[in-house]
Structures are given as structure tokens and as C-alpha cells.
Amino acid sequence: MAHLLWDMIESAGLSRTLTDVAVAVAEDARDCKRKKVVAGRAQLLAAIGKKTAVLLVGNVALEGVTAKRGIKQKRGRPWEDADGNIYIPCLPPGMIAYDERTTPLIEADVRLIADVAKSGKIPRENALEFTIVDSRRKFDDMVADLRGTVSYDIETGYEESPGLWKATLNPWKGHVDEDGEWVLDARIISIGFGTRARQWCLPLHHPEATSFGLTHEQMFASIDRQLRDCYLVAHNAKFDSLWLRIHYGVDWRADFDTMLAHWMIDENQRHGLKLLAQLYYGAPNYDADLDDKAGAGPLGSHCLYLAHDVYYTRALRFTLGKEMAADSGVERAFHSILMPIARLFVDVEYQGVLVDVERFEEAEVYLRTKLKKAEKDLHKAVAADVEGYEPGSINWRSTKQLAELFFDKLGLDVLDRTGGGAPSTCESVLKRLAHPAAVDLVEYRGADQMLKMFIDGWRPFLVKHADGWRLHPSFKLHGTVTGRASCERPNLQQVPRDSLIRSLIGAALGWSLVEIDLSQIEMRLAAELSGDQMLLGLFQRDEDVHWMTAIREIGRGGGMRDEVVTTAVEFVKRHPGTPWLKGLVSGLDKPKPKGQPFYRASIEYAQALEIVYKMGPDVAAEILPVWKELRKKAKAINFGYLFGMWWKKMVIYARDNYGVRLTDRQAQESRKVFFGLYPGLASWHERQRKHAQRHGYVRSLSGAIRRLPAATSHRDSPERGEALRQAINSPVQRFACELNFMVLLQLVEEFGLDVVRPVGTVHDAVLMEVRDDMVPTVVARADEIMRRPKMLDELKINLRVPIKGEAKVGPWSKGVSLDRWKKSRSN
DNA sequence: CAACACGGCGCG
DNA sequence: AAAGCGCGCCGTGTTG
């Protein structure tokens, strides 16, 4: 590693200026045991002596001097000791071998070394012109300077105990006071603005902040007025805008988010501001300690840090703007979809979702009881088979201990292994283990999972408002490589589908929760993009593609004879007048034979299957519930094969999810049938793969790009295979969620936040609170918008496949159609 | 004590 | 040769 770095230094033409540099290198961090580090440290300290610069290459070298690790955080930030030695922590160049994304960082390290060697000093950002606003005069100057393109950034924290400031990213952090009111503990420590000429740092709750005759409210009123005509730029603007909205009531919407812009430019990279500053401008690693940002450190260094942030944020707006302009598709998707939805998500997160806390407590009691019972059953079941077993000796949450129990002590067969090769104890294995304890463990895990994720997991995030308790999940618009949003703290997108937890989420009094979702959107888009005639035809005739697959799957093997015939017969009995039955059931118009149902004999399997298909899954499920399950299974088949699943995995999938035993042959056959049914999909797969292989990327209809560099490799590898499958999946997944965003944007644009309050998205669905008196209007309009969002016209995107969606009104998972909602309200 | 990987599981 | 995609969060266990 030392040689590698030295080569880089030499090729930068620096070796002669660096004769006075000691290089402290850990040859291999992993082999370096503690003793060796200590020895190395003594050597190192001796070597440092009169040197002007010390390179600390890698974690062990860093630890040798500072007794602390964390090279990734510390790198690029040199410091000077009392004797004037300069220490420069850097990444080991060998790191490039297993993470090529570190290349620019290592290059930046070399540049930094060069700088230090030439000047003998730690470089300063000399373009910086920052002012700490600590007087009325400076404040007025600042306000007057807020013109044109202005970047902004805040530092946040809270006072844990008097005088002790800690970092927090949660703008709602607070507590309930004696009067039962929610009091915010979170504070905006300071705010910075970057203009063409300067960087302004306005301390707000920093301990050293001085008062100069203006309240914060007065300051923000002035700033707010001035900013209305500015082009606002921020890095992860949603964060700053949300905090400012909560704490100062100002509504600032960024025109350009540098983090999101960089994500559009390369979703595979990381998007941190410090990283980008180093990447694009060779900036020093100016990152500060987390608690300094929160106000624990001196105001001077706090503001210096803030100044760097707004300086580089503003600079990035121009650099990234230009870079994005090189690709009109990317630019268009950024400005017409991403920035608008990013601005809207400030409202989404500000609103939060309402939680029924009374029923929340009930759910907790229910789950704790269930957990207790499962634990008791577990004890019993294990005690019966294990000699000398003592309750409490096994941690039921430990996969390691469970594996020992099942496969060593009880001697059960290892049915599957984990990715790491350990005997698996996952649900699908447990269900196949012939032991009562396995059954109990499934129960235990179920209750435990709900409790830890949604009861204990939610509690710290509950915030009290005038209209009830709310969660304010944070959405990451850059959270995926495909364009979907992800969600965290807590993750609203992983709430179980069954109603125990899901229905705790509702709406305020006078409002109703409305969920609209785009039906089978990924399948529809696959039809669109592939141009498969069968799929397109299905959707154009408004038939159900999963149902089609389900019926085909059964029909192929002639399975479920009883269910098929029973369901068809029952349907004929219930709906004899159905027009399309004519011709399908021979003898319908003939007189009924005495004593027996006339149709029983005359409905053949093939006919019956046709009838079942035509009645659709909902009607069929009313007759036999099994149809619902069957359609779900078909859905999995569709998605699996659609995106490149191989038959072998299908066998496992069918077994684990549906208890269906498929032979290898059957699975191979089912895959063949699938692509036989939709031949256009196969050729589309080929097109996508070819494109990715040739160009190294694929594109969504919106213009956004998914970069797949691994796809261009000529060598066949697992990475390339993965990239080629992503080439098929990404454009579908991306455009699906973009459509969802379009629908959401248009709804809010048309009705305004007084009528429609969006509270979240779940990939192809929107959750919102709708004012009760407007529910029918909004739902009707949502139905129209989903069929054709106007942004499709603006972006000149034409779809052959019809899009449609569904709306449900009422607590989540208990929502009903608009008609049923109206009826239930009129009673 | 903190950071990390893993196993497991929830969602679309 | 090997083959669905995309996420977040929890507890355990290891490591340093």
C-alpha cells in the first residue's frame, strides 16, 4: 500500500518536495493485532520528531497517533500539533481495488499532500468570505445581500442538559409538558446563506449567539420578504425547509436541490456535500464534529463550517446544473418531477400521519399477551424434548441459539442455510420442521416482530398535536437507485398489510384517510414498454392479468377440478341471467331436468374454467375464498418471471409462500408457459439487456437514467447478470413511481392543502387526509387524474396501455370504496 | 462502548 | 455459470 501511494505521489511529480515526509502505513489493517499497533505507535512517535508532515495511511496508522479509528471520517482533514507537525490522514490506495468509488477521494488526498508539502501549511479555503452576523448592522447588510442565487443551510441540535448541546436531525424532538402540550426541544442552532459575494452566518440558538435587538421572528420576517425573489438552493433542501417551517413558520421551497441533482447525475455514488465539495472543487475535508455543529463548540469554528456548506452548495448549483444540462432527459425529469415532488414532501412530512393512540395501546396489550403465550408454549414444547432444559436458558431472538436447539439438541434436519452458510431458522424452515416448538416459534416471532417494529418502534416518534398524535416519517427521495422514495424513522412503507397495525393510521376529525393506488402499474408498464400484444390487449379490455395467469396455470395441469366446477356451477346458479354465459354453458336455455340441477352435467372443465375466468377473482372469491390466494400466487409468478426469475427460485417461492410443491419440471414448464403467453416480454428483455450492455445505462420514459456500468463488462460475471436484470426492472419501477408522483402533484395543485393533505406515498400509492365534505369530489377527480396525469402531456409521453387506479376511504387497510363510504355515512 | 455484519422480516 | 427488483429496522454477536 505504501508503494501504491508513493507511486501516486511520484506521478504527481511531488517526490522531491516530499523527502521530509514520514509515511506511516499499516500494511494490512486486518492482520495488525493490538501488540503490533502499540509497537508501531512507539516507532511512529519517534519518527515524527522533526518532520513537517506525517501521512497516516489507513486506520491503524491513524489509531497509532490518535488512539482512535475512523479513517473515512478523519481523512482529508489535516491537523497540526504543538511542535508544528502536520498530520494528514488518508485512505490506503489499495482501497481502490475493492471500492473504486474511493478513487477520487484518494486522488484528493494526494492533492492535499502536495499542497501541504509545497506550502508547509494546512490549506485554507481562500475563496471564503464569511461574516458572523452579530450586530444589527451586519444583519441589515446580510438581508440586503440576499439577491439572485442564494444557498441556505442550517445547523441543528438540542440542549440535553443545561449547557450540553447535542446533535439531532429530528425537528420534532420534544416532550409533553405539565399542560399536556408538546414542547419542542430541538433547536436551529444557526442558519447560513451563500450569495455571490459572501457567506453569512446567523447564530440563532448557539450558546455564543448575541442579541442585537431583533427577535428571531423579526429576523425571519425580514429574510423571508427578501428571499421571495431569490433562486433558492440547498443541499437536501427538504431537511432545512422542514425545520424552518416547524421552528419559524417560514415556507421556503428550494428551486434547486444539489443533493437530488447529484443523485440524478449518478445514483450509484454517495451524495454528501463534503464529498461533492472534494470531488468537484478539491476542497479540504472541512467536516466538523457532530456536536460542534449542534452548538457544543466555539462559534467561530461552527460558523466556518457553516460557511463552507453554503459556499459549496451555491457553487454546486452551477456545476451540477451544467452537468445535468448535458442530458436533456435527466434535466427534464429533475425539473419537472423531482424538484416539484421534493418541495411537496415538505408538506407531507410537516403533516405527518395520525395514529389512533387508544387502539395503539389495545394492540400492544393484544400482542404482549400473544407473545407471553407463545413463550409459554415454547417452554413446554422444548422442555418435553430436551433434558435439563431450564426456562430462560434460551434467547428466542438468537438465531445462533435456536440453530443449536433445533439442529444439535433436537437433531432435526438442516433444511436450508443462510447466506453465510449457517443453518437457517427462517420461517419457511420452521414451517417444515416437524416439531411443536417450531410452530410456537413462528407465533413468537410474529408477535415479537410487530411489537418491536410498530409498537416499541413507533413510540419514540410519536408527536402530540392539537388534533391527535402523529408520526412524521422522513422520506428519502434519493433513497433508492431506481427512483422510488424510501421512508424512515419510522418506515411507513413497511407497515404490515393486515389491519392490526395498519388500521391504527387514520385521519383527524372532520377528515378521512384516502388511499389511492395505481392498479397493477408495474405490469401495465411492462406491457407498455415491451409492446407485448397479449398484455396490452388484456389491459385494453380491462381484464385482470394476474387472474389470467392464475387460470392459465391451473388450466395447464387441469388442476383444481372440484373448485373450478363448483365455482362455475355456483355462479350460474346465482347469476343465471349473465349475458356472457350464453354460449358458454350449453343447455342453459333448455328446460331443466327434473330432480337435479340442470347445469351440473353440462359444464365441462374447460367451460367451467372459462366461466371462472370471466367472473373475475372477486366474484370467484365470494364463492370460494381459495381463489383469492390463487390470484396472489399468480401475481408472484407474474412479477417473478417478468423481472427475470429463474424456475429454480420459483420452486422455492411456491413452496415458501403457498405451500405448493412444484417439481423442477413443472416449474420449468410454468416459466415456458408464461413467456409463451407473453412473447413480447422475452424480446423486450433482450432489448433492454442489449441496450445496457452497449451503453451502460437504461432510461425511464421520464428521461431519468439508471446507470449500470457493470452491464458493459465483456466477462460474464454475477455483477453483470445483476446489472442486466436491473436493466429490465429499473425503468418499470422508476416510471411507476413517477406516475404516482404526478398524480399526487396534480391532486394537490388542483385542490390545495386545505382540502387534500398528503401524508405519504408507498411506491404506487398515495396516502392523504381529505376534508370530509370534499371526499367524493376528490376521489372522483383522483380517478380521472390517475387515468391521465396532465404531466404526461407536458412531457409528451404517450401511453398505449390504459392506466387506472383505485381509491379507498377510511382507516388504512379498512378503507372502503367511495360508494360504501357514502352509505356508511348516511346511516 | 461503538461500529459493523448478519439473519430475519415487514413492505411495493 | 447462474439468474426477480427495490427498500428500512430490529436484535444478536463479533470486533476493536
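Here is how names work: the chains are called A, B, and so on, in the same order as the sequence lines, proteins then strands, and each is numbered from 1.
Summarising the geometry, the separation between CD on A:Gln493 and C1' on B:dC9 is reported as 16 Å, rounded to the nearest angstrom. When rounded to the nearest whole Å, the span between CG of A:Leu402 and C1' of B:dG7 equals 11 Å. If you measure from atom CG of A:Asp656 to atom P of C:dG4, you get 13 Å, rounded to the nearest angstrom. Put simply, NZ on A:Lys648 is 11 Å from P on C:dG4, counting in whole angstrom units. What separates CE of A:Met450 from C1' of B:dG10 is a distance of 7 Å, to the nearest Å. The nearest whole Å value for the distance from the CG atom in A:Asp498 to the P atom in B:dC9 is 16 Å. The CG atom of A:Leu415 sits 13 Å away from the P atom of B:dG8 (whole-angstrom rounding). Nucleotide B:dG12 holds its P atom 8 Å from the CG atom of A:Asp764, rounded to whole Å.
The shortest distance between the side-chain N/O atoms of A:Arg725 and the OP1/OP2 oxygens of C:dC5 is below 4.0 Å. Contact check, A:Arg497 against B:dC11: no side-chain N or O comes under 4.0 Å of OP1 or OP2. Contact between the side-chain N/O atoms of A:Thr418 and the OP1/OP2 oxygens of B:dG7 is found at a separation under 4.0 Å.
Between A:Asp517 and A:Lys804 no salt bridge is recorded (no basic side-chain N to carboxylate O distance below 4.0 Å). In summary, A:Asp664 and A:Lys648 do not engage in a salt bridge, as defined by a charged side-chain N under 4.0 Å from a carboxylate O. Looking at A:Glu686 and A:Arg689, a side-chain N of the basic residue comes within less than 4.0 Å of a carboxylate O on the acidic one, giving a salt bridge. Ionic pairing of A:Arg631 and A:Asp544 is present here: one or more N-O contacts between side-chain nitrogen and carboxylate oxygen are shorter than 4.0 angstrom.
Pairing for C:dG4 is absent, judged as Watson-Crick or G-U wobble with the two contacts each under 3.5 Å.
A:Arg75 contributes no side-chain N or O that, together with a main-chain N or O of A:Pro89, makes up a donor-acceptor pair within less than 3.5 Å. The closest donor-acceptor contact from the side chain of A:Trp684 to the backbone of A:Pro679 lies at 3.5 Å or more, if one exists at all. Judged purely by atom type and a 3.5 angstrom limit, A:His435 uses its side chain to pair as donor or acceptor with the backbone of A:Ala437.
Among the protein residues, A:Lys649 comes within range of the sugar-phosphate backbone only, with heavy atoms under 4.0 Å from sugar or phosphate atoms but none that close to a base. Note on A:Pro718: nothing from the nucleic acid sits closer than 4.0 angstrom, heavy atoms only. Using a 4.0 Å heavy-atom distance criterion, A:Ser717 is classed as making no nucleic acid contact. Contact annotation for A:Glu522: no contact, since no heavy-atom pair falls under 4.0 Å across all strands. Residue A:Arg502 is classed as a sugar-phosphate contact, given heavy-atom separations below 4.0 Å to backbone atoms only.
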*Could you run through nucleotides 6-14 of chain C and give me one letter per nucleotide, 5' to 3': B if any protein heavy atom sits under 4.0 Å from the base, S if only the sugar-phosphate is that close, - if neither?*
BSBSSSSSS
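Residue ring and nucleobase are stacked for A:Trp646 and C:dA3, with a centre distance beneath 5.5 angstrom and an angle between planes beneath 30°.
Of the candidate nucleotides B:dC11, B:dC9, C:dA3, B:dC11 has the atom nearest to the side chain of A:Pro496. Side-chain atoms of A:Thr425 lie closest to B:dG8 of the nucleotides B:dG8, B:dG12, C:dG4.
Cation-pi check for A:Arg671 over A:Trp647 is not met; the charged atom does not lie both under 6.0 angstrom from the ring centroid and within 45 degrees of its normal.
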